[in-house]
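Working notes, beginning with the structure itself.
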2 protein chains.
Amino acid sequence: MKKKVIIVGAGFGGLTAAKQFDASTFEVTVVDKTNHHLFQPLLYQVATSVLSPGDIAIPIRSILSGYKNVNVIMREVTGVDISNRRVLLSDRELDYDYLILAPGSRHSYLGNDHWEKKAPGLKILADALRIRERILQCLENAEASLDQVEKLKNLTFVIVGGGPTGVEMAGAIAEMAKKDLIRDFRNIQPSETKVILLEGQSRVLSAFSERLSSEALKELEKMGVDVRLKTNVEDISEAGVKTSTGMIETSTIVWAAGNKVAEVIDKIDCEKDRAGRVKVNQDLSIEGYKEVFIIGDAAFFKDRRYGVLPGIAPVAMQQGKFAAKQIANDIEKIPREEFRYFDKGSMATIGRAKAVANIWGMEFSGFFAWILWSFVHVMFLIGFRNRIRVMAEWIWYYLTFKHGIRIITKRK
Amino acid sequence: MKKKVIIVGAGFGGLTAAKQFDASTFEVTVVDKTNHHLFQPLLYQVATSVLSPGDIAIPIRSILSGYKNVNVIMREVTGVDISNRRVLLSDRELDYDYLILAPGSRHSYLGNDHWEKKAPGLKILADALRIRERILQCLENAEASLDQVEKLKNLTFVIVGGGPTGVEMAGAIAEMAKKDLIRDFRNIQPSETKVILLEGQSRVLSAFSERLSSEALKELEKMGVDVRLKTNVEDISEAGVKTSTGMIETSTIVWAAGNKVAEVIDKIDCEKDRAGRVKVNQDLSIEGYKEVFIIGDAAFFKDRRYGVLPGIAPVAMQQGKFAAKQIANDIEKIPREEFRYFDKGSMATIGRAKAVANIWGMEFSGFFAWILWSFVHVMFLIGFRNRIRVMAEWIWYYLTFKHGIRIITKRK
């Protein structure tokens, strides 16, 4: 009788785990509320009209079609009954012998959930398309504007949060709205367009070294981004953003400021951190239930060497592989191991051909870092076809400065 | 003082016209309610996950950025005051010396507008994305279904209308849902999937010759499409489609059955046909107002040789060029000419590598016709980049059978 494994979430963690299970021993079910795996690191490029959704999303079924022991079901998980080893969906229950929860994270508005409407985050494709549409619509409004105040409001773009996502968005919007697109608009001057990045701490990319932080800041400012450090958001309304240093009138606010765990984890009763992440054991299982693993952004894990691990793709992927191995080891009666993260480095891109990167302890910045960044991201994209598409888009973008995917589809 | 030309609509007709005007003599304003020009003939491929929106849409500003005397404004036209030579937008009025109306057509539900909700048409990108999402969602529902009746309802796809659009959609959906995607689904058999094409007349592609009609019918049936001729739609509801020969339970209905003129034309008081198209003079101007031209799908024109011209791209493009020429001739005091259509032929594709085509009186079908069709369509796509993208997508699709753009983004 095969062992039943349920994996909730087909992001980096869940997908890596799903591919690890021997077909003769395990029957795996992957549950995801969407039909596709999303390469989130490039989502900001969909939001800024460089890439199409199809470039960075691939159907989960496609990826797993060769794994005959893996079933995929597109459903939202409504609950987890860990006492009885069942996952609850809207229309049925699924039993399991082992459960891997990899549902990811959502944006946190620090208690002000009503801000979400005016200040969308960037987690899923719908977010990116919504932001793309907003930016393009604002440019169209500004072009046709008969009122100078309204025009400038439309040409002010605010990004909240100076981590990698915020820095990448700010750089990309600056490129789009201050340089590349201006050529096509007759009534907009680059100087009228303002891109403002708000960060509460004293530097951007605070998870990187001080040196790379200041390289990134320099690049952003060179691109015309107004970086406001030690500036917090106090309120968000129809008028714009109220910060600790004053009011900014804007029609476009992108939220990249904080994460909290996916909703399904709220339903599980165990020790958590302030962001709702579950404090897992050294083998990534939860306390009292060795058959339940939590990995990726939803897990709070203290690595012996690196401390609390961040919610990034390489962590999720390594944890996915590790959790699957613990399950396989159980069958062989091999004792559980301790998860050890292998930090290959981190990177963030700033605008068209610059980035900062830290690989195996070596720091890079500028054009070479961007080449590295591009290479790594393309290699980690799933699917030969997606790699070719993204590379082709980048080559085009780099050579022509043209943002190719500037479409307002106005879906209701 | 330059002459002011307003062009309403940036489809094939409006765009072709916009590029004709000499910069020293004319100041042109293009008004469109979207920000992009859409290559409609390939819309059905977005609906069936072969192409992305970005492959067939290009921002109007991009196309016209080199034409310094052309301004683009993204607005909906709320009215046309032909007595006073003004076009009314939501927030302003624009005067003109000459007006070219090229707003295209909408779907006609033969008086049953409430059918639109259940049976969307295929005119704009949002339509195609909506249909794509519906098809993919139905396949996911069927895969997870616990109820055989509900499963079969999800696996039944109905297309209404046997013209080129309907035939192309039916063939493409058959390929998608009966062949290509089935590999990725474990619980769906190709035989459970039904693709039904409803046509009220006695043959499909009634605008083509009888021979090409029957070639198309053969191909469709070979692909597993259930073609029901002389079958009309009596009602559309949540349950499905009620036809003159019985009830079909289905979750997906695509409407490709009839056109009526764009809404803005309803506001103009002049002689029209049953579909609301304006009966224009031989020089494409409207009766009594020589400075107002109507072209493309919105115009009813009786060609000396071909009779009433159909609403297809080559007609719109030739009329756009012609109308612009009449305006330029006015300045030179050259008398108005009579529009003569030059019919280069027509084509429709059926499935992956078959088509029917009539070029300069010669008929082709099968694989060669499909090559011709592909060539013509790629050549008429605007923009080098779009041509490369679409060709690359087709090569991939043809070689791998894989529908690459299977994304459900769930935009509200």
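Note on naming: letters A, B, ... go to the chains in the order of the sequence lines (proteins, then strands), and numbering restarts at 1 for each one.
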| message | I'd like to know whether NZ of B:K3 has more than 12 heavy-atom contacts from other residues, nucleotides or ligands below 6.0 angstrom. | response | no
| field | Spatial distance of atom CG (B:N71) from atom CG (A:N187) [nearest 0.5 Å] | value | 6.5 Å
| Could you state the interatomic distance from CD1 (B:I407) to CD1 (A:I56), rounded to the nearest 0.5 Å? | 8.0 Å
| Under a 4.5 Å heavy-atom cutoff, which of B:L136, B:N35, B:L38, B:V72 has the most pairs with chain A? | B:N35
| message | More than 12 heavy atoms of other residues, nucleotides or ligands under 6.0 Å from NZ of A:K33: yes or no? | response | no
| query | Where do B:I73 and A:E143 land on the side-chain contact (heavy atoms from CB on, under 4.5 Å) test, with the steps shown first? | reply | CA-CA 8 Å; B:I73 177 165; A:E143 173 77 353; over 6 Å; no
| Quick one: do A:R61 and B:E140 make a salt bridge, cutoff under 4.0 Å? | yes
| Result of checking A:I408, A:N141, A:L139 against B:M74 for side chain to side chain contact (heavy atoms under 4.5 Å, CB included) | A:I408
| remark: Counting heavy-atom pairs under 4.5 angstrom with chain B, the leader among A:D91, A:V70, A:D55 is A:V70
| Looking only at heavy atoms, what is the nearest atom pair of A:R186 and B:Y67, with distance? | NH2-O, 3.0 Å
| field | B:S52 versus chain A, the contacting section by heavy-atom distance below 4.5 Å | value | side chain
| said: I'd like to verify something: which residue of A:P53, A:G66, A:S62, A:S49 has the highest number of heavy-atom pairs under 4.5 Å with chain B? | reply: A:S62
| field | Contact winner vs chain A - B:A144, B:S65, B:G54, heavy-atom pairs under 4.5 Å | value | B:A144
